[in-house]
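In the text below, chain A, chain B and the rest are named by the order of the sequence lines, each starting its count at 1.
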2 protein chains.
Amino acid sequence: MNALFKALNDPTRRQILDLLRTGDLTAGDIADQFAMTKPSISHHLDLLRQAGLVDSVKEGQFIRYTLNTTVLDEMLSWLLSFKGSSVHNSSPPGGATER
Amino acid sequence: MNALFKALNDPTRRQILDLLRTGDLTAGDIADQFAMTKPSISHHLDLLRQAGLVDSVKEGQFIRYTLNTTVLDEMLSWLLSFKGSSVHNSSPPGGATER
DNA sequence: CTATTATTTAGACATTTGTCTAACTATCTA
DNA sequence: TAGATAGTTAGACAAATGTCTAAATAATAG
């Protein structure tokens, strides 16, 4: 889960994921969308791949990147578990002693 | 959304949130659960508060921290939008030309 | 085989981040 | 008021992060 949060903790990487929802893209096509060098984008893609958020397939001299949302399930259920376990309590700080 | 991802991108902070699901806690009670100094925990709590994930109320000499999951909704719908828009395509790299 | 194109790898560098110690503010208690 | 307790703020510092340029790898085109 750590790699997942880490990967999502960057606007550029989230934007890359947004780009990929429309369909697969090559590294170059992705890099063209940003005011950033290709090596930088390549690094971001690497982190996304490490997190399992994208898959990459080499096709000739291109590398096609594909969105993979299955890893999001883990995060999704983690988040949902919070929405479920809202306790709304207000027990006193000290522990059991109510002053 | 940036502050939210940033806040969640740390194991300690996520653990603090997990602690708070059981109920409110003071800064000290939270700090006691970690092998880390109080100033460090205080800093983590500050980031969580900045992200809107926790609320803090001063009660005497204590500060009670409360979990606030409302900000998670934004993130939740962002994540869900990905699960919805899986395209499963495999268009060729070049762009629009379907060869 | 050479040149070109697509992409990554390596290394440098500034910024951000997480942690610590020391000092400060505020509340409670004797 | 003095001392203890709860918590934060300030500053330092190492490690992680995001970006860049230069060079390397690999596939394609002439």
Side-chain angles (χ1 to χ4, degrees), chain A residues 1-17 19-20 24-51 53-66 90-99, chain B residues 1-17 19-20 24-51 53-66 90-95 97 99:
Chain A
M1 195 113 107
N2 230 318
L4 186 52
F5 276 110
K6 175 178 171 178
L8 293 177
N9 185 33
D10 182 272
T12 303
R13 288 195 286 270
R14 292 197 297 271
Q15 224 174 314
I16 289 175
L17 293 181
L19 279 176
L20 288 174
D24 301 353
L25 289 172
T26 67
D29 286 344
I30 293 170
D32 288 345
Q33 309 290 323
F34 296 90
M36 196 179 296
T37 63
K38 286 179 193 216
S40 297
I41 294 296
S42 184
H43 178 234
H44 285 306
L45 289 171
D46 187 41
L47 292 183
L48 288 172
R49 202 168 35 68
Q50 277 178 46
L53 284 163
V54 301
D55 297 322
S56 63
V57 177
K58 183 150 194 172
E59 284 183 353
Q61 70 190 138
F62 300 91
I63 296 183
R64 175 210 302 266
Y65 281 89
T66 311
S90 60
S91 51
T97 50
E98 182 61 282
R99 182 192 189 280
Chain B
M1 194 111 108
N2 230 318
L4 185 52
F5 277 110
K6 176 178 171 177
L8 293 178
N9 185 32
D10 182 271
T12 302
R13 289 195 286 271
R14 291 197 298 272
Q15 223 174 317
I16 290 176
L17 295 180
L19 280 176
L20 288 174
D24 300 354
L25 290 172
T26 66
D29 286 343
I30 293 170
D32 286 346
Q33 308 292 323
F34 296 90
M36 197 178 293
T37 64
K38 287 182 192 208
S40 296
I41 295 295
S42 183
H43 177 235
H44 284 307
L45 288 170
D46 187 42
L47 291 184
L48 288 172
R49 201 169 37 68
Q50 279 179 42
L53 284 165
V54 302
D55 298 323
S56 64
V57 177
K58 181 149 194 173
E59 284 183 354
Q61 69 190 137
F62 300 90
I63 297 183
R64 177 209 303 265
Y65 281 88
T66 311
S90 61
S91 52
T97 50
R99 182 187 192 282

Arg49(B) side-chain N/O to Asp55(B) backbone N/O, donor-acceptor pair under 3.5 Å: no

Close side-chain approach of Ile41(B) and Phe34(B), heavy atoms under 4.5 Å: yes

Atom pair distance, as rounded to whole Å: CG in Asp32(B) and C1' in dT5(D): 13 Å

d(CE, Met36(B); P, dT17(C)) in whole Å: 16 Å

Sugar-phosphate, base or nothing in reach of Leu45(B), heavy atoms under 4.0 Å: nothing

Closest non-hydrogen atom pair, Ala7(A) against Ala51(A): CB-CB, 3.5 Å

His43(B) or Asn9(B), whichever maps to the more 5' nucleotide of DNA chain D: His43(B)

Thr37(B) side-chain N/O to dC20(C) phosphate OP1/OP2 under 4.0 Å: yes

Nearest-angstrom distance from the residue atom CD of Gln50(B) to P of dT8(D): 13 Å

Euclidean distance, Thr12(B) OG1 relative to Ile30(B) CD1, rounded to 0.5 Å: 12.0 Å

Leu47(B) side chain, from C-beta outward: closest of dA22(C), dG18(D), dG18(C): dG18(C)

Distance, rounded to the nearest Å, where Leu25(B) contributes CG and dA6(D) contributes P: 14 Å

Heavy-atom pair with the smallest gap, counting every atom of Asn9(B) and Asn2(A): OD1-O, 4.3 Å

Side-chain N or O of Thr26(B) closer than 4.0 Å to phosphate OP1/OP2 of dG7(D): yes

dG18(D) phosphate, OP1 or OP2, under 4.0 Å from Ser40(A) side-chain N/O: no

Length of the CD1-P vector between Ile41(A) and dA6(C), whole Å: 16 Å

Side-chain heavy atoms of Thr66(B) within contact of Leu25(B), under 4.5 Å: no

N or O in side chain of Tyr65(B) less than 4.0 angstrom from dT8(D) OP1/OP2: yes

Short side-chain N/O contact to dT19(D) OP1/OP2 from His44(A), under 4.0 Å: yes

Sugar-phosphate only, base, or nothing, as touched by Asp46(A) at under 4.0 Å among non-hydrogen atoms: nothing

Between P of dG7(D) and CZ of Arg64(B), the distance in whole Å: 12 Å

Nearest-neighbour nucleotide for the Asp10(B) side chain, dG18(C), dT19(D), dT8(D) considered: dG18(C)

Whole angstrom value for the distance that separates P of dG18(D) from CZ of Arg14(A): 11 Å

Test item: side-chain donor near acceptor, Asp29(B) and Gln33(B), under 3.5 Å: no

Identify each atom pair where a protein N or O and an N or O of nucleotides 27-30 of chain D are less than 3.5 Å apart, giving names and distance.
none

N/O donor-acceptor pair under 3.5 Å between Arg13(A) side chain and His44(A) backbone: no

Rounded distance (Å) that lies between atom P of dA26(C) and atom NZ of Lys38(B): 18 Å

